[in-house]
Amino acid sequence: MNKKWKYFLIAVVLTVVAVIVLLPPVISSDSVRRLILSRVNEKIQGDLSIDFWMIGWNEGILFKKIIYTDPEQGIRFTAARATMTHGLLELAFAPKDLGLITVDSPRLEITPHPELTSESDNGQKDAVGPSRSTGKVNRKKSGSAPWEGASAELLVHDGQVQTAVNDSTLTNLAQRIETHAFLAKGIINFDLDFSANGDQGRVTAQGSLNLPARQDMLLETLVSKMDIKISSLQLKEPLALAASMGNLPTGQGLLNADLKLQATGMKDFAVQGDLNVDTLRMTGGFLGKDQPEINNVHLVIDCDRQSGQGWHIANLNLQADPGFLRARSESDGGGRKLHARAMLKLPVLFDLFPHLLKVREGVQMKSGTLDFEADLDRNDQRSTLSAWARADHLGGTFKGHDFGWNVPVSLRLNGEKKGRDLQIDRLELDAPFIRARGRGNLRSFSLEATSELQQAFAEVDKFFDVPWSGVGHLRIKATSSVEGDNRYQI
C-alpha cells in the first residue's frame, strides 16, 4: 500500500513537472497559436494574425509580426514586435495585472471605403448584419468591460499613422509616435509625442481617459481630457487631405497651438485654445486662379457643446491681415444669445481674391472697410436676428486715375422666425446708386426701391468686372400676398 502511494506521488510530481516544463512550449507552438487565434477571430469583427509568439513562466511573452485588419472599418494595424513582462505564472495568479506591454514600430492605416461612407451618409447602412468583407456578424458588446479591475503599463516606440481617401496614396498623419500610458482603476493616463509630415512639426499631448464600467456604454460615457501643444506643424498634408474630400484649396503654413480638450461621450465637448499661423498660402479648389497668402493668422477660442443645449461660445477671436471676427454667446433663461462682429480691409481682400471677387483688371484698392455686426436671440418659441453691414471709405486707382465713393453702402436686416413663419420687420439697403426698403413675411411682403441704372452700373464698374449694363430710372413699389389657393399675387 505504501508502494502504491509512493508510485502515485511520483506520478503526480512527474506530471506536474511535465506540465511546468512542457506547457510554455505547447502554448508557443504553431498549432496551438493557430487554434487560439481562430477562436479569437470568431469573436471579433476583424481578423487578427500573429506570425510568432513565445510564452514563458517568468520570462514574459514575445509577439512578432502582429496584423489586425478590418476592411469594413477601413483599418489595418501592424506591429513588428510586442512584449509583455508578465509570463504565465504572474498571469495565473493575477490575470488582470498585465504588467508592462511594449509595442515596437506599430503602423495604423485608415482607408475609408467610399461605398460604405456613402451608405452611412444616406442612412442605408445596417448597423447589425453581415460584414461585406469578412462575412462576420456584428455583435453588440454588453456587460462588464474587460478593463474593469485591470492594470497595465504601455510603451509605444516609433509608431506611425497613415490615411488615404478615394484610393489615393497613403499619406502620413503622424510618425515617430512615442506613447507612455498607464491603466489603473478604469482610468488611462497617457503622454503622447509624435512628428508629422516628415518631421515638419511636433505634437505633444498629455491627458486621461475615464473608461465606463460597461463596454456597451463606451462611446456614450467615455470621459476624456487632453492638453495638446503643436509646434511648427506643416499644414500641407492636412490641407491636401481636406482638399481630396471636396472642392477645397490646398496650401501650406506652419501651425503653432496650445489646446485644452474635454469630452464626455460623443455629444458633450469643450475646447480652449490659442492657434497661430504666420503665413498661410492657399491655391486651387474654389479659389480658382487666386493664390492668396494670408499673414498673421491668430485664433483664440473658448467654446463648448452640451447635449440638448447646442454650442456655447465664451470667446471666439480670429484675426489676420485681412481683418477680424469676434463672437460670443450666453444663455438666458432657457434661450441663447449670440453676438458677432467682423471687419474686413477691402484693399487686402481685393489683393488676395481678385478673380473670386471678379475685381476689374487694373483696379487697385487704396482704402475701404467692410464692417458687419449681428445679434441672434433664440429660444424654444422663436429666433430673432438683428444685423447690419457697412462698406465705407471706398477708394482706389484705375489706370492712374483716382476714384472713390463718398457715400457708404449699408444694409440693415431685422427679422424673426416662429416655427415655419418668417417675418422681416426691417430691410434697408442704401448706396450711392440704389435705395431699397422692405418688410413683411412669406404670405405678405412689400418692397420699395429706386435706382439710377446708368449711375449704378458706372459705380459698380469702377471696382468689378460686370458682364452687363443698363440705363434708365428704376422705381419699384410692389406687394405680394398669398391667395386662398396658395398662389402668390404680386
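Note: hydrogens, waters and symmetry copies are ignored here, and every other heavy atom, side chains too, is used. It should be emphasised that the depicted structure is a prediction, and the values quoted were computed from it without experimental measurement.
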(request) Test Phe52 against Asp30 for side-chain contact (heavy atoms from CB on, under 4.5 Å), laying out the working first. (result) CA-CA 8 Å; Phe52 172 85; Asp30 292 344; 5.6 Å; no
(message) Could you walk me through whether His180 and Leu155 satisfy the side-chain contact (heavy atoms from CB on, under 4.5 Å) test, starting with their C-alpha distance in whole Å, then the side-chain angles of each, then the deciding distance to 0.1 Å, before giving a yes or no?
(response) CA-CA 5 Å; His180 192 188; Leu155 286 176; 3.3 Å; yes
(request) Starting from the C-alpha separation in whole Å, work towards a yes-or-no answer on salt bridge (charged side-chain N to carboxylate O under 4.0 Å, His left out) for Glu330 and Lys337. (result) CA-CA 5 Å; Glu330 59 184 22; Lys337 295 181 179 181; 5.1 Å; no
(request) Given side-chain contact (heavy atoms from CB on, under 4.5 Å), test Leu192 with Thr204 step by step and report yes or no. (result) CA-CA 6 Å; Leu192 174 66; Thr204 58; over 6 Å; no
(request) Could you walk me through whether Arg390 and Asp371 pass salt bridge (charged side-chain N to carboxylate O under 4.0 Å, His left out), step by step? (result) CA-CA 5 Å; Arg390 179 186 175 101; Asp371 292 276; over 6 Å; no
(request) Start with the C-alpha gap between Asn414 and Ser386, add the side-chain angles, then the distance that decides, and say whether side-chain hydrogen bond (donor to acceptor under 3.5 Å, both in side chains) holds. (result) CA-CA 5 Å; Asn414 293 344; Ser386 175; 3.1 Å; yes
(request) Any chance you could lay out the side-chain contact (heavy atoms from CB on, under 4.5 Å) test for Asn295 and Glu293, step after step, and finish with the verdict? (result) CA-CA 6 Å; Asn295 299 314; Glu293 183 176 301; 4.0 Å; yes
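Judged by distance alone, the side chains of Arg281 and Gln291 never bring a donor and an acceptor atom under 3.5 Å apart. Residues Asp227 and Gln206 have side chains that never bring a donor and an acceptor to within less than 3.5 angstrom of each other. For the residue pair Asn276/Asp274, the side-chain donor-acceptor check at 3.5 Å is satisfied. For the residue pair Asp47 and Thr69, no side-chain donor N or O sits within less than 3.5 Å of a side-chain acceptor on the partner. Side chain to side chain, Thr369 and Asp392 fail the donor-acceptor criterion of an N or O pair below 3.5 Å.
Although no hydrogens or angles enter the test, the distance criterion places a donor-acceptor pair under 3.5 Å between the side chain of Ser28 and the main chain of Ile55. Listed for the Asn296 side chain is no donor-acceptor partner under 3.5 Å among the backbone atoms of Asp321. The closest donor-acceptor contact from the side chain of Ser195 to the backbone of Gln175 lies under 3.5 Å. The backbone N or O of Thr78 sits nowhere less than 3.5 Å from a side-chain atom of Tyr68 that would complete a donor-acceptor pair. Without hydrogens or angle criteria, Glu59 side chain to Gly56 main chain gives no donor-acceptor distance under 3.5 Å. Looking only at distances, a side-chain donor or acceptor of Lys417 sits under 3.5 Å from a matching main-chain atom of Gly419.
Scanning for ring pair (Phe, Tyr, Trp, His ring centres under 6.0 Å) contacts around His157 gives an empty result, with sequence neighbours left out.
Within the model, atoms CZ of Phe286 and CG of Leu248 stand 6.5 Å from one another, a figure rounded to the nearest 0.5 Å. The distance from atom CZ of Arg360 to atom CZ of Phe464, rounded to the nearest 0.5 Å, is 12.0 Å. Put simply, CG on Asp51 and CD1 on Ile66 are 10.0 Å apart, with the number rounded to the nearest 0.5 Å. Atoms OG and CD1, on Ser208 and Ile188 in that order, are 9.5 Å from each other to the nearest 0.5 Å.
Contact check for Pro249 versus Thr283: no side-chain heavy atoms found under the 4.5 Å cut-off. Between Asp304 and Asp268 there is no side-chain heavy-atom pair separated by less than 4.5 Å. Counting heavy atoms from C-beta outward, Asn210 and Ser224 have side chains that stay 4.5 Å or more apart. Taking the side chain as every heavy atom from C-beta outward, Ile230 and Leu254 never approach each other to under 4.5 Å. The side-chain heavy atoms of Cys303 and Leu316, taken from C-beta on, include no pair separated by under 4.5 Å. The shortest distance between side-chain heavy atoms of Leu235 and Gln252 does not fall below 4.5 Å. In this structure, the side chains of Met282 and Leu287 come closer than 4.5 Å at one or more pairs of heavy atoms. Using a 4.5 Å heavy-atom threshold, the side chains of Phe194 and Gln160 count as separate.
Within a 6.0 Å radius of CZ in Arg328, other residues, nucleotides and ligands contribute 12 heavy atoms or fewer. Within 6.0 Å of the NE2 atom in His393, the count of heavy atoms belonging to other residues, nucleotides or ligands does not exceed 12. The 12-atom threshold is not exceeded at CE of Met54, counting heavy atoms of other residues, nucleotides or ligands nearer than 6.0 Å.
Taking every heavy atom of both residues into account, Pro238 and Gln234 meet most closely at CD-O, 3.8 Å. Of all non-hydrogen atoms in Arg33 and Ile50, the two that sit nearest each other are NE-O, 2.8 Å. Closest heavy-atom contact between Ala79 and Val103: CB-CG1, 3.9 Å. In terms of heavy-atom proximity, Lys96 sits nearest to Gly149 at CB-O, 3.5 Å. The heavy-atom pair separating Ile61 from His86 by the smallest distance is CG1-O, 3.8 Å. Shortest non-hydrogen contact noted between Leu275 and Ala257 is CG-CB, 3.7 Å.
Arg176 and Glu178 are not joined by a salt bridge, as no carboxylate oxygen comes within less than 4.0 angstrom of a charged side-chain nitrogen.
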Name each donor-acceptor pair under 3.5 Å that joins a side chain in residues 339-359 to protein atoms two or more places apart or in another chain, with its distance.
{"unit_1": "His339", "atom_1": "ND1", "unit_2": "Asp375", "atom_2": "OD1", "d": "2.7"}
{"unit_1": "His339", "atom_1": "NE2", "unit_2": "Glu373", "atom_2": "OE2", "d": "3.3"}
{"unit_1": "His355", "atom_1": "ND1", "unit_2": "Asp290", "atom_2": "OD1", "d": "2.9"}

